[in-house]
Number of protein chains: 4
Amino acid sequence: MVKLKDDKKVTQIFQATVKLVARKGLSGITMGDISKEAGIATGTLYVYFKSKDELINALFAACRENSVQVSFKGYQPNRPFKLGFRQIWLNILRYKLQNFEETVFLEQCYHSPFITAATREKALQLAAPFYELMKRGQQEQLVKSVDSGLLLTFVMGTMNELIRQTHYSGIPLSRSRINTAFDLCWDALKA
Amino acid sequence: MVKLKDDKKVTQIFQATVKLVARKGLSGITMGDISKEAGIATGTLYVYFKSKDELINALFAACRENSVQVSFKGYQPNRPFKLGFRQIWLNILRYKLQNFEETVFLEQCYHSPFITAATREKALQLAAPFYELMKRGQQEQLVKSVDSGLLLTFVMGTMNELIRQTHYSGIPLSRSRINTAFDLCWDALKA
Amino acid sequence: MVKLKDDKKVTQIFQATVKLVARKGLSGITMGDISKEAGIATGTLYVYFKSKDELINALFAACRENSVQVSFKGYQPNRPFKLGFRQIWLNILRYKLQNFEETVFLEQCYHSPFITAATREKALQLAAPFYELMKRGQQEQLVKSVDSGLLLTFVMGTMNELIRQTHYSGIPLSRSRINTAFDLCWDALKA
Amino acid sequence: MVKLKDDKKVTQIFQATVKLVARKGLSGITMGDISKEAGIATGTLYVYFKSKDELINALFAACRENSVQVSFKGYQPNRPFKLGFRQIWLNILRYKLQNFEETVFLEQCYHSPFITAATREKALQLAAPFYELMKRGQQEQLVKSVDSGLLLTFVMGTMNELIRQTHYSGIPLSRSRINTAFDLCWDALKA
DNA sequence: GATGAATGAGATTTCATTCAT
DNA sequence: TATGAATGAAATCTCATTCAT
């Protein structure tokens, strides 16, 4: 009987926003830009999000969830640790490469006034599975028995930087370059 | 002509800007905010910088130069490589920790529409000494003989993420934590 | 055509509007507010009224008619003038007290751009019975023989202000207070 | 050395606002209208008032103060009560007539969402001198010894209605009509 | 008729920049 | 130079009205 709120439209808005933030930065986008890019009227944005703030926060949360879900795709706990870790490492790398705009968006958000403490907190909780992964490696004595937060810092930090470099230098991430990068990472972690 | 512009005032403006960007993000600051924080009138900002763009670009350049100059402080090429590398690594870490706001500012700038291609290019050139350092390590067969860009990606990525984590988690960077982090980094690089 | 528009729904809309205007003023209400308060969809408002303007004008007219009809309830021209006048005075007072929101609505409308000249004119005509009443009092030499418009000004002015004061001060309108107010009014009018 | 905030500009803004509200109602004015009428840029309004809300509240307070101050002009407590009361009554009448727009503005404000509880409270306190006046009349046994609030309700209510009627009927307030009106008022009050 | 999402014109507000002092 | 009020273009947000279902 009625036209109901459209999930597809939220996706459109999110995609438009991510694209624009990656291109022009968080400080360079307007609600007008977003609506134009999403192919809807400006007012319509406010049907789905009460304010620009809320839109950015919702998108931030969605991006975080997305990237976690993708990470563990195809991960089989019964297979050897290193293989599983590699799989996940590659999942993340592939996802971040293919969704570079999301990566940039997340990075931009971290120190922006848009992201509320609550949103930040929720993002942290999503990291739990990665901590589990590190612990398993340590139990199997394959990974250094140091603070797992520090290990993750290393894994994620280097990956992020790799993505950034790849994007800006223009050097394509060949299969061999990827392998080299993974080896560097593994050499760091391994017990 | 009569008198050169007041250098102290430029410093005030830079400090105010860095502080505010770290707290509210690039997208959250206005010229009014900056002038208030710097303790001067809005109009005065325009005595020192033609526009907001110019101010941000100048500050970006200044920060980059700062951080490079500090990195090699106390570095003696004639001493063993690992010791020198460690020194530089610690220099950077200490600088970034103590000047967290600058670090955030630089990060925020990367994908902003403020930074011009020219400014970006100049920033890249400043990285030259680090490439040299990696090459030395390779010549001495202490460092893996892979693309030095990739190596630096690991060095910088770890450090940046470590700084961020430290700041947000509130976990203090104890000496042992620092040592562990360095070891991870070194294990990744070492041949 | 098929079926007449739902009269109950018009009442709902009117009640919702009056309530909201009393609470937030004419300038503070939106069609969305009204529909929500009335428990219907925004679009449905437009089934019953071509526009916001029309809705307000129709409501204005309805309120005016209401208040006049109530005024003469129980008025018997054959009974003595003062008794009849008192009856009407009390009728109005009671009505305005019990329907304070309507009173506010009418007051708000007077200087609003919503009310058209035609609506205003029609409202004036509704006052005719009150002029008649004043004339009767004068013919019976109980009321001062001055311009009956002026007399009505006093009757209505007192009443309106009394209602407002009662509502805002919170002082309840006791029977004795009502009697005092009527006496003031009557002393002003009486020949 | 500097251009300082200009009191004259506040007056301009107030005059423009009052004029427009009287013509188009509180719900019919925009900040754009006001700035145009005041002959300044829209942004300039926000130099003087943080928001539309604040502007309306400040104007409301100013109008109330204005009208009280004018009321007692030329009032000499040592002269007979009725003369003094008459003087004040005429002062108010004249002021409200000449500043009809202010009167309309105040009336429009009463039930608007703009006026805060605090502003309303302050307005009430300004009425103190009028209560004093009524008490004096009662002490001299010239005025009915009933609640002075009720007496004021009567005086003010009838005056407001008179102003309104005068303005809308187009019947000019001749000297004799004024005298008649005062007599009605006095007859009501007198002991 | 009824619904409520969609629209876009227009309202409020912000802010980089200018300018009079 | 230094100031901060003034500007107006542009951003955010609102809301009467329309329209697809």
Side-chain angles (χ1 to χ4, degrees), chain A residues 1-6 9 27-36 38-55, chain B residues 1-6 9 27-36 39-56, chain C residues 1-6 9 27-36 39-56, chain D residues 1-6 9 27-36 38-55:
Chain A
M1 190 96 143
V2 222
K3 214 187 321 183
L4 281 169
K5 263 192 209 173
D6 194 350
K9 208 150 276 173
S27 57
I29 51 157
T30 71
M31 292 299 261
D33 291 342
I34 294 172
S35 65
K36 214 172 291 167
I40 59 178
T42 314
T44 309
L45 284 180
Y46 289 86
V47 171
Y48 291 87
F49 302 97
K50 262 210 312 284
S51 67
K52 190 180 180 179
D53 250 61
E54 206 177 80
L55 161 52
Chain B
M1 307 326 147
V2 233
K3 188 178 96 176
L4 265 163
K5 285 171 194 167
D6 193 347
K9 211 153 270 178
S27 59
I29 51 157
T30 69
M31 292 299 261
D33 289 342
I34 294 172
S35 64
K36 213 173 294 167
I40 59 177
T42 319
T44 311
L45 282 181
Y46 288 83
V47 173
Y48 294 89
F49 301 97
K50 241 192 3 251
S51 69
K52 190 180 182 182
D53 251 63
E54 205 179 276
L55 162 54
I56 301 289
Chain C
M1 318 279 182
V2 234
K3 189 178 97 176
L4 265 164
K5 285 171 196 169
D6 193 346
K9 211 152 270 179
S27 60
I29 50 157
T30 70
M31 293 298 263
D33 290 342
I34 294 172
S35 64
K36 212 173 295 170
I40 60 177
T42 320
T44 311
L45 282 180
Y46 287 85
V47 173
Y48 294 89
F49 301 98
K50 240 193 0 252
S51 69
K52 189 180 183 181
D53 251 63
E54 206 179 275
L55 163 54
I56 301 289
Chain D
M1 191 97 142
V2 224
K3 214 185 327 180
L4 280 168
K5 263 192 210 174
D6 194 351
K9 207 150 277 172
S27 56
I29 50 156
T30 71
M31 292 300 261
D33 290 343
I34 294 172
S35 64
K36 215 173 292 167
I40 58 178
T42 314
T44 309
L45 284 179
Y46 289 85
V47 171
Y48 291 88
F49 302 98
K50 261 209 314 282
S51 68
K52 189 178 181 181
D53 250 63
E54 205 178 82
L55 162 52

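The figures here come from the full heavy-atom set of this structure, side chains too, leaving out hydrogens, waters and symmetry mates. Quick note on labels: first sequence line is chain A, next is B, and so on, each numbered from 1.
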Spacing between A:Phe49 atom CZ and F:dC13 atom P, to the nearest angstrom = 13 Å
D:Ile34/D:Leu55 under side chain to side chain contact (heavy atoms under 4.5 Å, CB included): CA gap, chis, key distance, verdict | CA-CA 11 Å; D:Ile34 294 172; D:Leu55 162 52; 4.0 Å; yes
Using whole Å, report how far CD1 of D:Ile34 lies from P of E:dT13.
-> 11 Å
Please figure out whether D:Met31 or C:Ile40 has its closest DNA chain E nucleotide nearer the 5' end.
-> C:Ile40
Answer with base, sugar-phosphate or nothing: what part of the nucleic acid does B:Lys9 contact at a heavy-atom distance below 4.0 Å?
-> sugar-phosphate
Could you work out which one of F:dT18, F:dT7, E:dA5 sits closest to the side chain of C:Tyr46?
-> F:dT18
From the list F:dG4, E:dA6, F:dA16, which nucleotide is the closest neighbour of the side chain of A:Val47?
-> E:dA6
With sugar-phosphate meaning primed atoms plus P, OP1 and OP2, does D:Leu55 contact a base, only sugar-phosphate, or nothing at under 4.0 Å between heavy atoms?
-> nothing
Ranking E:dT17, E:dA6, F:dG8 by distance to the side chain of D:Ala41, first place goes to F:dG8
Length of the CG-C1' vector between D:Leu45 and E:dC15, whole Å = 15 Å
Can you tell me how far P of E:dA11 sits from NZ of C:Lys52, to the nearest Å?
-> 13 Å
Can you tell me the distance, in whole Å, between the CD atom of A:Glu54 and the P atom of F:dT12?
-> 15 Å
C:Tyr48 side chain N/O closer than 4.0 Å to the phosphate oxygens (OP1, OP2) of E:dA2?
-> yes
Taking atom C1' of E:dG10 as reference, at what distance in whole Å does atom CD1 of D:Ile29 sit?
-> 15 Å
Answer with base, sugar-phosphate or nothing: what part of the nucleic acid does A:Thr44 contact at a heavy-atom distance below 4.0 Å?
-> base
Nearest-nucleotide wise, let me know which of C:Gly43 and A:Thr42 is further upstream toward the 5' end of DNA chain E.
-> C:Gly43
